[in-house]
Amino acid sequence: MAFRLLDRMGMPADEIARIISAIGNHDEGTASPVTPIAAALIIADKSDVRRSRVRRAEREQAVTTNAPPADIHDRVNYAVESSALSFSDDKKELILTLKIDLQISSVMEYFEIFLSRMSLCKTAASSLGVNFGLVINNSRIL
C-alpha cells in the first residue's frame, strides 16, 4: 500500500525502497533496525502511548461512567496523561517520559503491554548511537 502511494506521489525508487524496508522491519514480531529510518520508525511506533489512542467510544464511556476501559491496552493508553520523547541535553540519550494515572492503570500493567516494545526502542536507539531512557511519574526506569 505504501509503495503504491509513494510511487503515485512521484517519490524516487531508492527512497521508496528505504521507506518500504523500514515499514517491513518495524513489526513487533520481526522488528529490526536495519537502517536509521527503520530505527526511527521503530522508536516512533513502539513509544507511542497516549490517551487519544483509545477508541473514542471507550474514552467517552470512561469519562461518563468514571470507570477505566476494561481492555488492558485501552486502559494503559487511557491512563497516560502525558507522553514526551526527547533527547537529553548532551544528545546521548533518547528519553520517553510518561505520566501515568495510577488510579487507572499500574506501571506493571504498562510493562505487560510495553516491555517488548521498550526493548525494541532500546535496540533501535542503540543502532542510532544513543541510549534509550524511560521515566515514568518522575521515576527513572531505564
*Report the distance from atom CE of M1 to atom CD1 of I20, rounding to the nearest 0.5 Å.*
10.0 Å
_What I'd like to find out is whether the side chain of F132 reaches to under 4.5 Å of the side chain of L142, using heavy atoms alone._
yes
*Shortest non-hydrogen contact from L41 to A22?*
CD2-O, 3.5 Å
*Any chance you could measure R59, atom CZ, to T64, atom OG1, to the nearest 0.5 Å?*
12.0 Å
*Which heavy atom of P33 sits nearest a heavy atom of A39, and at what distance?*
CB-CB, 3.7 Å
*Is a side-chain donor-acceptor pair under 3.5 Å present for D90 with S88?*
yes
*Are side-chain heavy atoms of K46 and F114 found at a separation under 4.5 Å?*
no
_Contacts of R55 that satisfy salt bridge (Lys or Arg N to Asp or Glu O under 4.0 Å) - sequence neighbours left out_ = E58, D74
_Residue of the set D48, D45, D71 for which salt bridge (charged side-chain N to carboxylate O under 4.0 Å, His left out) holds with R53_ = D48
_side chain to side chain contact (heavy atoms under 4.5 Å, CB included) between T30 and H26, worked out_ = CA-CA 7 Å; T30 59; H26 93 285; over 6 Å; no
*So do N77 and R51 actually touch side chain to side chain, heavy atoms under 4.5 Å?*
no
*Atom CD1 in I43, atom CG in L94: separation rounded to 0.5 Å?*
5.5 Å
*Quick one: closest heavy-atom pair of S83 and L96, and the distance?*
OG-CD1, 3.8 Å
*How many angstroms lie between CZ in F111 and OG in S106, if you round to the nearest 0.5 Å?*
10.5 Å
*asked:* If you compare all heavy atoms of I37 against all heavy atoms of R18, which two are closest, and at what distance to 0.1 Å?
replied: CD1-CB, 3.9 Å
*If you count the non-hydrogen atoms of other residues, nucleotides and ligands that lie under 6.0 Å from CZ in R140, is the total more than 12?*
yes
*asked:* With side chain to side chain contact (heavy atoms under 4.5 Å, CB included) as the test, pick out the partner of Y110 among L134, L115, L102.
replied: L134
*asked:* If I compare all heavy atoms of S32 with all of I42, which pair ends up nearest, and what's the gap?
replied: C-CD1, 3.7 Å
*With a 3.5 Å cut-off and no angle check, do the side chains of E109 and S105 form a donor-acceptor pair?*
yes
*Take atom CG of D14 as the centre, draw a 6.0 Å sphere, and report whether it contains more than 12 heavy atoms from other residues, nucleotides or ligands.*
yes
*Would R75 count as a cation-pi partner of Y78, with NZ or CZ less than 6.0 Å from the six-membered ring centre and within 45° of the ring normal?*
no
*How long is the span from the NZ atom in K99 to the CG atom in N138, to the nearest 0.5 Å?*
8.5 Å
*What closest approach, in Å, do D101 and Q103 show between heavy atoms, and which atom pair accounts for it?*
OD1-N, 2.8 Å
